[in-house]
Visitor: 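Once you've had a glance at the structure underneath, I'll fire off some questions.
If you're wondering where the values come from, they're calculated on a predicted model, not measured in any experiment.
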Amino acid sequence: MALDLRETTDLVALLQMDNEPLQKILQNLKSLSARLESGGRICMALQCMFLDQYYHCSDTDFNSEILITCFILHSFSVGQANSRSPPPNTKSVLFKILQYIEGFIREKEAHNQQATSEFREKVALKVFVLQCLSGRQEVLTRTPKQILQDTIQELQTKHEQLQQDEALIENLKEAKRAYDEEKSTVPQGYMSQGTSAIIVPTDHYNVDSGPVNEWAYHTTEALDMRFDPICDRPPPPPLGVGEQELCWVYTEGHTTDLVWDTTMTNTPDEALELRDKVQKALRQNLASEEQQALKQKLSQHPDALLKVGVSPLKFPTLVDRNATVASHFITTLVQTNMKTAEEFVVSLVNMNVCLGAHSVMTELVKLPSFPTQYIIDYVLNALTCINNQPKKDARRVGIICTFCINLARETEANSPKSQALQSKDFLAQLTHFATENSSVSEASNLYKILIEREKDESKKESS
């Protein structure tokens, strides 16, 4: 029987051990052969791979796989793989692979392409197979990659030594006889075009000569078993369509003309120019005149804000380099579509303390529709960033304290923005921060304002 999926996977893994010594490959082969209880199944799979063009003898990428294949077939032919039932035709397969390699070498020599790596590796393959047939054991300590990297001079020296080996000559004659015998037995010749011979197990008896060997010859044309199942499998029942799954609607022969929207890919030249300018603002700092010109362009095309290439991830970069443009971008977005602007506001709130973020947030605070919670989150994130620094930066402390002072002075007592300074937890954290950084003048001024507001609130509650 043929190999199952797991056994085939193990065999392919064995063919890909090009960085391991041949001795270790032989040990893994013995383990695989013992588990399968038949070396013939392994050789049958190797033949199917070779015949079905799993790898080509003319393809350099599979030279290591071909080398390991030859080594496995030779191991079975001499009994090194400890197989209980080795197939009888491994030598004929090995001889046929040698013919393919020799044909490739002669073709390269005819075209004067001996200097190519393909030629050298094929010569190395040929010398390796001859070494195996001669019974030389020193090759077992080398890896397939090392064997294929021998130079032409080294290969010529080894080939000259092998030509005088009598054991090699006898083994080659035996492989030739096995190939000729199989070629005369199998219709149309072994490995011929159109029909390829493989070996499959059988328990049938020959009427004329009695019981035959457990391996019999068949052709893939007759059996049609190139890794295909031997029985027909019914199609599986269709699954139901899920709620979020795409379902094709078949109109049962009714066809309609496709409708094309020709305006989808038409981008006005002004929009392209605006996008280029915004991308430039993301890459470098613009002069004041350029920022004002870009701001005016964005005002003329408010619908193009989300098409100029500014994403929530890129928005902090725009804030750092061109705060004026970023301020106009986010304020326009908040006024037109607050739901879309939320991701941009969140990326702004989570920025490190800098003058750009301070100026943008100052403009956002002036908008009546801007949520107060974002103001609180911005200040608390700034306090956390400053407190987590090993050495506090007085400049950053001054920036966030200035923002809070302006927030306290510019918001009216009854305005929604003043609610940010009425939260007791928020005021407690802000007061503690101002106290710790009292050496900074802005923090000292903020502390005074917070104390005054606290006194005013106490008076209102008492009255």
Visitor: I'd like to check the salt bridge (charged side-chain N to carboxylate O under 4.0 Å, His left out) partners of Glu342; sequence neighbours left out, ordered by chain and number.
Guide: none
Visitor: Measure the shortest side-chain to side-chain distance between Phe426 and Ile375 over non-hydrogen atoms and say whether it is less than 4.5 angstrom.
Guide: no
Visitor: Looking at CZ of Phe71 and CD of Gln131, how far apart are the two atoms once the value is rounded to the nearest 0.5 Å?
Guide: 12.0 Å
Visitor: Could you check whether any side-chain heavy atom of Thr141 comes within less than 4.5 Å of a side-chain heavy atom of Gln23, counting everything from C-beta outward?
Guide: no
Visitor: Considering all heavy atoms of both residues, which atom of Phe403 and which atom of Met361 are nearest to each other, and what is their separation?
Guide: CE1-CB, 3.8 Å
Visitor: How about Phe329 and Phe344: are their ring centroids closer than 6.0 Å?
Guide: yes
Visitor: Report the C-alpha distance between Glu273 and Lys277 in whole Å, list the side-chain angles of each, state the deciding distance to 0.1 Å, and finish with yes or no for salt bridge (charged side-chain N to carboxylate O under 4.0 Å, His left out).
Guide: CA-CA 6 Å; Glu273 182 182 357; Lys277 290 183 178 181; 3.5 Å; yes
Visitor: Between Met351 and Asn381, which heavy-atom pair has the shortest distance, and what is it?
Guide: O-ND2, 3.1 Å
Visitor: Counting distance only, does the side-chain N/O of Asn322 pair as donor-acceptor with the main-chain N or O of Asn285 below 3.5 Å?
Guide: no
Visitor: Within a radius of less than 6.0 Å around CZ of Phe433, do more than 12 heavy atoms belonging to other residues, nucleotides or ligands occur?
Guide: yes
Visitor: With heavy-atom distances below 4.5 Å as the criterion, would you say the side chains of Gln284 and Arg321 are in contact?
Guide: no
Visitor: Determine yes or no for a side-chain-to-main-chain donor-acceptor pair under 3.5 angstrom, with Glu20 supplying the side chain and Met17 the backbone.
Guide: no
Visitor: With side chains defined as the heavy atoms from C-beta onward, is the minimum distance between Ile405 and Ile449 less than 4.5 Å?
Guide: yes
Visitor: Working to the nearest 0.5 angstrom, can you tell me the gap between Glu121 CD and Ile105 CD1?
Guide: 11.5 Å
Visitor: How long is the straight-line distance from CG of Leu446 back to CG of Asn437, given to the nearest 0.5 Å?
Guide: 10.0 Å
Visitor: Are the charged groups of Glu102 and Lys122 less than 4.0 angstrom apart, N to O?
Guide: no
Visitor: I'd like to know if the side chain of Ser31 and the backbone of Gln27 have a donor-acceptor N/O pair within less than 3.5 Å.
Guide: no
Visitor: Once you round to the nearest 0.5 Å, how far does CG of Leu306 lie from CG of Leu333?
Guide: 5.5 Å
Visitor: For the pair Lys366 and Glu363, find out whether any cationic side-chain nitrogen is under 4.0 Å from an anionic carboxylate oxygen.
Guide: yes
Visitor: Salt bridge or not for Glu452 and Lys448, using N-O below 4.0 Å?
Guide: no
Visitor: Please report the shortest heavy-atom distance between Thr431 and Leu450, naming the atom on each side.
Guide: OG1-CD1, 3.7 Å
Visitor: Would you please say whether a donor-acceptor pair under 3.5 Å links the side chains of His328 and Ser299?
Guide: yes
Visitor: Check whether Asp18 reaches the backbone of Lys145 with its side chain - one donor and one acceptor, N or O, closer than 3.5 Å.
Guide: no
Visitor: Given the rule in the side-chain hydrogen bond (donor to acceptor under 3.5 Å, both in side chains) test, do Glu436 and His432 qualify, once you have shown the distances and angles that lead to the verdict?
Guide: CA-CA 6 Å; Glu436 284 187 339; His432 179 71; 2.9 Å; yes
Visitor: Inspect the contact between Arg120 and Asp150 and indicate whether a charged nitrogen and a carboxylate oxygen are less than 4.0 angstrom apart.
Guide: no
Visitor: Return yes when atom CD of Glu343 has more than 12 non-hydrogen atoms of other residues, nucleotides or ligands closer than 6.0 Å, and no otherwise.
Guide: no
Visitor: Tell me whether Asn337 contacts the main-chain N or O of Thr340 through its side chain, where contact means a donor paired with an acceptor under 3.5 Å.
Guide: yes
Visitor: Got a donor-acceptor contact below 3.5 angstrom from the Gln146 side chain to the Thr143 backbone?
Guide: yes
Visitor: Give a yes/no verdict on a cation-pi contact between Lys108 and Phe119, requiring under 6.0 Å between NZ or CZ and the six-membered ring centre and an angle within 45° of the axis.
Guide: no
Visitor: Could you check if a side-chain atom of Asp377 sits within less than 4.5 angstrom of a side-chain atom of Asn350, using non-hydrogen atoms only?
Guide: no
Visitor: So Val397 and Glu442, do their side chains get closer than 4.5 Å, heavy atoms only?
Guide: no
Visitor: Short question: side chain of Ser327, backbone of Ala323 - any donor-acceptor pair under 3.5 Å?
Guide: no
Visitor: A side-chain contact here means heavy atoms from C-beta on lying under 4.5 Å apart; do Cys70 and Ile97 qualify?
Guide: yes
Visitor: For His301, look at atom NE2 and say whether over 12 heavy atoms of other residues, nucleotides or ligands are found less than 6.0 Å away.
Guide: yes
Visitor: Looking at Arg275 and Lys307, would you say the former's side chain and the latter's main chain have a donor-acceptor pair under 3.5 Å?
Guide: yes
Visitor: Gly356 and Val319: which non-hydrogen atoms are nearest, and at how many Å?
Guide: C-CG1, 3.5 Å
Visitor: Of the non-hydrogen atoms in Asp320 and Cys354, which two are nearest, and what is the gap between them?
Guide: OD1-SG, 3.5 Å
Visitor: Mark yes or no for whether Gln296, through its side chain, and Gln291, through its backbone, hold a donor-acceptor pair below 3.5 Å.
Guide: no
Visitor: What I'd like to find out is whether the side chain of Asp393 reaches to under 4.5 Å of the side chain of Ile386, using heavy atoms alone.
Guide: no
